[in-house]
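Notes follow once the structure below has been shown.
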Amino acid sequence: MKRNGIEAGLTANGNLLPVTERAAQDNRLIKKLYKLFDYVWLRRLVLLAVLCCLWEWYATRLANPLMFPTFSATIKALAHAVAGGGLPGRIATSFRILVVGYGIGVLVAVFLSMLAVGTRIGTDLLELFTAMFNPLPAIALLPLALLWFGLGNGSITFVLVHAVLWPVALSAHAGFSGVNTTIRMVGRNYGLTGIRYVLAILIPAAFPALLTGLRNGWAFAWRTLIAAELVFGVSAGNGGIGWFIYENKQQLEIPSVFAGLITVIAIGIAVENLIFDQIERRTVLKWGMKSARQVTPGTVKSAV
Amino acid sequence: MASVSEVPLLKVNGVTLRYRIEEKTVTATERVGFRIEQGDRVVLLGPSGCGKSTLLKAVGGFLHPSEGSITLNGRRVEGPGPDRVMVFQEFDQLLPWKTVKENVMFGLTASRTLSKREAAERALESIRTVHLEKFADAYPHTLSGGMKQRVAIARCLAMKPDIILMDEPFAALDALSRRRMQDELLELWNENRFTMLFVTHSIEEALLLGSRIVVMSPHPGRVAEILEAEQLNEAAGSHPEISERIKRVLFRDAPEYVI
């Protein structure tokens, strides 16, 4: 951009252009810069950089690395944890449990919502369950889970399933019962019944709601997982990211604590933007089942 | 084979349709009967509340008569099936997650009529007949209302069903598109000679499209009169006259109606 601007001021043989023409070109340059600011990601990047600078400035002035390390110290700790501190291993541990818990939660949710669509008693059951368990933070079940499943993956998985199941079941049920009559009739007109009808008609027609459910379920699961991991390491020295944060706090490695928090945020954003947004773009947005303006970035208030 | 000509393609015999809304039982049609032969363009005409759409859904197999029977080629209609394809009024009858071509293919593959490759060929052929070949790979939400209805008709024609059931397919279109679609439908019929049962509340549309018009009266729906092609042809030059007659038939029990 800048180079273009400098070149624009000179003609090919290096002579300066007349003043008026240069002013016009400067004007164009400013316009181009303004245009650049139309990009959301660029505006956000600039904001983020400003915040990081503020952080660095304040922490340096505070000069209390035990309470509030600088941005650079945090980044250094992050680089160190990634390179040799075993952070990737911790992330992998977290994800292994997450995938299992999320998978089971989603499967049970889909099953429950199918049951609810098919039968009246199923609807009552689902509505009763969601009314009961939705206000109950999944993490509150952890003590009970520890009692039942002991100190280990089982407990965390149980809590995760609980965190994913209800929001996903709620969305899935809303989605399935919202499939319009015309599309249902079209499916049955061409002889679709049973599982083929579900796969070819119900699931794609309810996909916008299903995707919202999966997104919310992921957000709940991720927060719950980190919270649960804070309580104990799965097997000695091999906990997830939550445990990494807790351990480093115990050892007063505060920059590493910050690094752990940044990792949690970064993974959260990455999954939201890279996975769910991509799925949305390739499905419901492409199909016109949801207009681009309606897109809400992860509207989960507080999961834990 | 000799008896084939004696068995009509579709026979609606003394059909009474009832459905429940909360505690009340509503009688949509009472002992309605008519026959449809191969290549007929039968229009079910009547004001709202005469049960014409309900009757069409019963022919489609989505509802069961509480009295009487519906037979297709002598076989009783028990449920929905790809031998009777419906075209609905609603634009959302197209599956939004499929392109135009995939939508037309959908009927053929879902009903296991054709393999995927053959279905793709037949779909393109059918899309060409409704002049949408340029939009074969477009998603339905990018199409206009008239184009969506054409896709629905193409999907239906590709199936080559025994009978096409149309539930006011052009009612949600603007007047110009409606007129064009009516002409196109007649053109398609001239080329393919399919059998069609068409529901409408528009007398004009009925006169334009029907080779036979079953005029129904409301509350409960009964057949008031059946106008044959000859009568319609006779009146072709004097549409006002025959539409007056239909109006008289339609509203003789309801003098408070004013058109």
Side-chain angles (χ1 to χ4, degrees), chain A residues 110 117-120 123 171-172 174-215 276-295, chain B residues 53 56-63 77-100 102-114 119 137-143 148-149 151-152 155-156 158-159 161 163-165 167-169 172:
Chain A
V110 168
V117 171
T119 61
R120 256 200 344 218
T123 313
S171 301
F176 287 135
S177 38
V179 175
N180 73 56
T181 339
T182 315
I183 282 193
R184 285 167 189 273
M185 285 171 84
V186 167
R188 293 187 40 216
N189 195 170
Y190 293 106
L192 291 177
T193 49
I195 190 72
R196 292 180 69 220
Y197 174 72
V198 170
L199 291 177
I201 299 288
L202 283 189
I203 289 182
F207 199 72
L210 287 177
L211 190 61
T212 307
L214 290 177
R215 208 190 255 273
F276 285 108
D277 283 359
Q278 279 304 318
I279 295 177
E280 189 165 77
R281 210 162 296 149
R282 277 149 205 244
T283 55
V284 291
L285 287 180
K286 188 164 107 184
W287 303 335
M289 292 172 86
K290 185 182 189 184
S291 65
R293 242 171 282 151
Q294 255 175 284
V295 180
Chain B
S53 276
L56 193 77
K57 288 194 176 91
V59 175
F62 294 100
L63 298 166
V77 167
E78 301 283 1
D83 49 358
R84 289 148 287 140
V85 176
M86 281 192 88
V87 177
F88 299 87
Q89 177 183 341
E90 293 84 6
F91 295 149
D92 56 19
Q93 64 188 297
L94 300 183
L95 311 178
W97 58 89
K98 289 182 181 289
T99 61
V100 166
E102 287 164 350
N103 259 289
V104 179
M105 282 171 67
F106 165 76
L108 296 162
T109 51
S111 61
R112 298 199 167 117
T113 307
L114 291 179
D137 294 319
Y139 282 90
H141 73 103
T142 61
L143 305 180
K148 283 179 193 167
Q149 295 310 76
V151 178
R155 182 170 71 187
C156 167
M159 285 300 294
I163 184 166
I164 294 175
L165 308 174
D167 191 1
E168 307 201 37

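Each chain gets a letter, A, B and so on, in the order the sequences are listed, and its residues count up from 1. Please read these numbers as outputs of a predicted model, since none were measured by experiment.
A distance-only check finds a donor-acceptor pair linking the side chain of B:H141 to the backbone of A:K286 [under 3.5 Å]. At distances below 3.5 Å, at least one donor-acceptor pair connects side-chain atoms of A:R184 with backbone N or O atoms of A:V179. A donor-acceptor contact shorter than 3.5 Å links the side chain of A:T123 to the backbone of A:T119. Put simply, the side chain of B:Q149 gets close to the backbone of B:P169: a donor and an acceptor are under 3.5 Å apart. With B:D137 contributing its side chain and B:V100 its backbone, the two residues share no donor-acceptor pair below 3.5 Å.
Heavy atoms closer than 4.5 Å to chain A are found nowhere in B:T99, neither backbone nor side chain. In this structure, the portion of B:R84 lying under 4.5 Å from any heavy atom of chain A is its backbone and not its side chain. Neither the backbone nor the side chain of B:K98 comes within contact range of chain A, judged by heavy atoms closer than 4.5 Å. For B:L94, the part sitting under 4.5 Å from any heavy atom of chain A is the backbone (N, CA, C, O) and nothing else. With a threshold of 4.5 angstrom between heavy atoms, A:N180 approaches chain B through side-chain atoms but not through N, CA, C or O.
For the set B:P82, B:P140, B:P96, the entry with the most heavy-atom pairs within less than 4.5 Å of chain A is B:P96. With respect to chain A, the highest number of heavy-atom pairs below 4.5 Å among B:M159, B:R155, B:E90, B:Q89 belongs to B:R155. For the set B:A152, B:A110, B:P161, B:G79, the entry with the most heavy-atom pairs within less than 4.5 Å of chain A is B:A110.
With a 6.0 Å radius and a threshold of 12 heavy atoms from other residues, nucleotides or ligands, A:R196 has its CZ atom above the threshold.
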